[in-house]
Amino acid sequence: MGHSAAVWDFRAATELTKDWNGIDQLVLRTPQGASARVSLHGAQVTSWRNEHGEELLFTSSKIVPKAPKAIRGGIPICFPQFGNCGSLERHGFARNRMWAIDENPPPLPPNDSRGKSFVDLLLKSSEEDVRCWPHSFELRLRVSLTTSGDLSLISRVRNINGKPFSFSFAYHTYLLVSDISEIRIEGLETLDYLDNLSHKERFTEQGDAITFESEVDRLYLSSPNIIAVLDHERKRTFIIRKEGLPDVAVWNPWEKKSKSMVDFGDDEYKQMLCVDGAVIEKPVNLKPGEEWTGRIQLSVVGSSFCSDRLGFDRGGI
C-alpha cells in the first residue's frame, strides 16, 4: 500500500477528537454503526461498541482523570513488562506515554487493511525510557474495525538497538460482562497456569471451563489461539483470536481487592473480566534489526455459538 492510500484510508475511516481529559483520541467507525475509540495516551482502546451502540469493554466509573496514568479499563498495552515481573513500573511504560499517529507505516499483509477502518500509531524509545530501560525500539500498533464490527490489534516491536533485548507484552483486555458469577471461559481447560495468588505456583486447570466465585489472577501457559468467554445473561460470547501470544492472563479482583483500589468501584468487579493475550512466561528475545508481531482479534457472537466449533487446535486469526 502506498503512502497516499494509507493516508486516504486513515482520513476516511477515522475522526480525531478530544477525550474527557482533553487528550487527542481517534474514533473508528464502520458503515453499520460499530465504533472504537483509541487514545493517543498509551495507544489505549477506551471504547468498542457494536452496531447497536452497546459498549463491549469495561471502563471504571472511578477512573482518576489525570494523565500520565493509564485509565482503568479498555485495552492498555503492557510493554516492555507485564505486571511486576521486572524492575520497571507495573505493566511497563508504553501505556503511560503519548504515541504518534504513523501515517506511513511499514506495510502489513493486504488482509490487515482491506475493508477495514484502521489507524496506525507509533511509540519510539525516548530519553526518559532509555534511562529506565536502556534499549532502542520502535513499537507500532494498528487498531482496526472490520465491517462486521470485529476489533483487531496488531503490535510490532522492532529492535533498533546495537544489542539484543528481551521483553514481555500483553493486551490487558477489560471485557464488560453482565455478572462475573455467570461467566465461563472455554479453551483453557487442562492447561497449566501460574497462580499469582499463590506465589506463582504452577497448577493444572481441572474444570471443563473456568468459572468465578472468588478472586482470580492466573497466567495460562501454551494456550490455544482461540478462546471463548460466554456471557449467559447477555446471550453473547466473546471470541478472542490471537497470534504470537502463547499465554493468557485471567484476572478479576473480586470484592476485597476492589475496595482497596482507588480507581475502581467497590462492586465493579461484577461487571468486568480481564482476559489478556500475552507473552510473559518466556519473554521475547530480539536481536538487532529483528521484529516481533503479536495480534488479537475480538468478536462477539450469539450465545448459541458452541465452543466445540472453535477449532482450538486450528490456528487463530
Side-chain angles (χ1 to χ4, degrees), residues 28-38 45-59 73-75 111-118 142-154 171-191 205 207-212 220 223-245 248-252 270-278 294-317:
L28 284 67
R29 303 184 192 280
T30 69
Q32 291 76 17
S35 67
R37 294 179 181 269
V38 190
V45 177
T46 58
S47 174
W48 171 40
R49 294 178 180 269
N50 62 19
E51 66 274 16
H52 305 298
E54 298 168 332
E55 182 60 61
L56 301 168
L57 297 178
F58 168 87
T59 302
I75 310 178
N111 65 339
D112 285 323
S113 57
R114 188 177 296 131
K116 297 179 180 179
S117 165
F118 67 89
R142 171 169 289 187
V143 181
S144 62
L145 276 179
T146 66
T147 53
S148 60
D150 294 351
L151 178 66
S152 172
L153 289 83
I154 304 171
Y171 294 113
H172 193 25
T173 306
Y174 286 76
L175 300 176
L176 181 63
V177 299
S178 57
D179 181 349
I180 186 63
S181 62
E182 299 294 325
I183 301 300
R184 294 166 56 92
I185 302 177
E186 297 187 359
L188 301 177
E189 51 275 10
T190 76
L191 297 186
E205 180 60 51
D208 59 356
I210 300 169
T211 57
F212 300 87
Y220 287 84
S223 63
N225 283 336
I226 308 179
I227 298 155
V229 180
L230 286 71
D231 189 336
H232 177 71
E233 187 173 317
R234 287 218 171 108
K235 296 184 171 57
R236 70 185 180 199
T237 297
F238 291 97
I239 306 297
I240 302 172
R241 295 176 171 87
K242 59 189 180 68
E243 288 182 0
L245 302 163
V248 172
V250 177
W251 178 65
N252 182 284
K270 297 176 182 178
Q271 274 74 55
M272 61 74 64
L273 174 63
C274 283
V275 183
D276 310 347
R295 64 180 70 194
I296 61 167
Q297 179 174 307
L298 305 176
S299 311
V300 177
V301 297
S303 60
S304 58
F305 190 89
C306 176
S307 62
D308 293 342
R309 291 161 45 197
L310 287 176
F312 288 133
D313 298 323
R314 298 190 295 276
I317 299 172

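Taking each heavy atom of Arg236 and Glu55 in turn, the nearest pair found is NH2-O, 3.9 Å. Of all the heavy atoms in Pro224 and Leu191, the pair that sits closest is CD-CD1, 3.9 Å. The two residues Leu28 and Ser144 come nearest to each other via the heavy atoms CD2-CA, 3.9 Å. Residues Ile75 and Tyr171 share a closest heavy-atom pair of CG2-CB, 4.0 Å. When all heavy atoms of Ile185 and Phe212 are compared, the closest pair comes out as CD1-CZ, 3.7 Å. Shown here for Lys242 and Ser223, the closest heavy-atom pair between the two residues is NZ-OG, 2.7 Å.
To the nearest 0.5 Å, atoms CD1 (Ile180) and CG (Asn252) are separated by 4.5 Å. Here Asp208 contributes atom CG and Thr190 contributes atom OG1; the two are 11.0 Å apart, rounded to the nearest 0.5 Å. Distance CZ/Arg234 to CD/Glu182: 12.5 Å, rounded to 0.5 Å. Rounded to the nearest 0.5 Å, atoms CD1 (Ile296) and OG1 (Thr173) are 4.0 Å apart. Annotation: the span from Gln297 atom CD to Asn225 atom CG amounts to 12.0 Å, rounded to 0.5 Å. Here OG of Ser148 is found 9.0 Å from NZ of Lys116. Values are rounded to the nearest 0.5 Å.
Glu51 has its side chain out of reach of Thr30: every pair of non-hydrogen atoms, C-beta onward, lies at least 4.5 Å apart. In this structure, Leu56 and Leu151 have side chains that are not in contact, with every pair of non-hydrogen atoms separated by 4.5 Å or more. The closest side-chain heavy-atom distance from Phe58 to Leu273 is not below 4.5 Å. You'll find the side chain of Leu176 stays beyond 4.5 Å of the side chain of Leu57, heavy atoms only. Annotation: side chain of Met272 is in contact with side chain of Cys274 (closest heavy-atom distance under 4.5 Å). Inter-residue side-chain proximity for His232 and Leu230 is flagged as unmet; no heavy-atom pair is nearer than 4.5 Å. Considering only heavy atoms from C-beta on, Arg295 stays 4.5 Å or farther from Ser152 through its side chain. Using a 4.5 Å heavy-atom threshold, the side chains of Val275 and Tyr220 count as separate.
Remark: side-chain polar atoms of Lys270 are not paired, donor with acceptor, to backbone N or O of Val177 under 3.5 angstrom. For the pair Glu243 (side chain) and Gly294 (backbone), a donor-acceptor distance under 3.5 Å is absent. Of the possible donor and acceptor atoms, none in the side chain of Asp231 sits under 3.5 Å from a partner among the backbone N and O of Ile183. Of the possible donor and acceptor atoms, one in the side chain of Glu205 sits under 3.5 Å from a partner among the backbone N and O of Gly207. Formation of a donor-acceptor pair under 3.5 Å by the Glu189 side chain with backbone atoms of Gly187 is found in this model.
At a cut-off of 3.5 Å, with distance as the only test, no side-chain donor of Thr147 or Gln32 sits close to an acceptor on the other residue.
In summary, of the residues considered (Val229, Val301, Val300), a side-chain contact (heavy atoms from CB on, under 4.5 Å) with Thr237 occurs for Val301 alone.
Ring planes of Phe238 and Trp48: tilted class, angle from 30 to 60°.
Residues that satisfy the side chain to side chain contact (heavy atoms under 4.5 Å, CB included) test with Thr211, not counting sequence neighbours, are Arg184.
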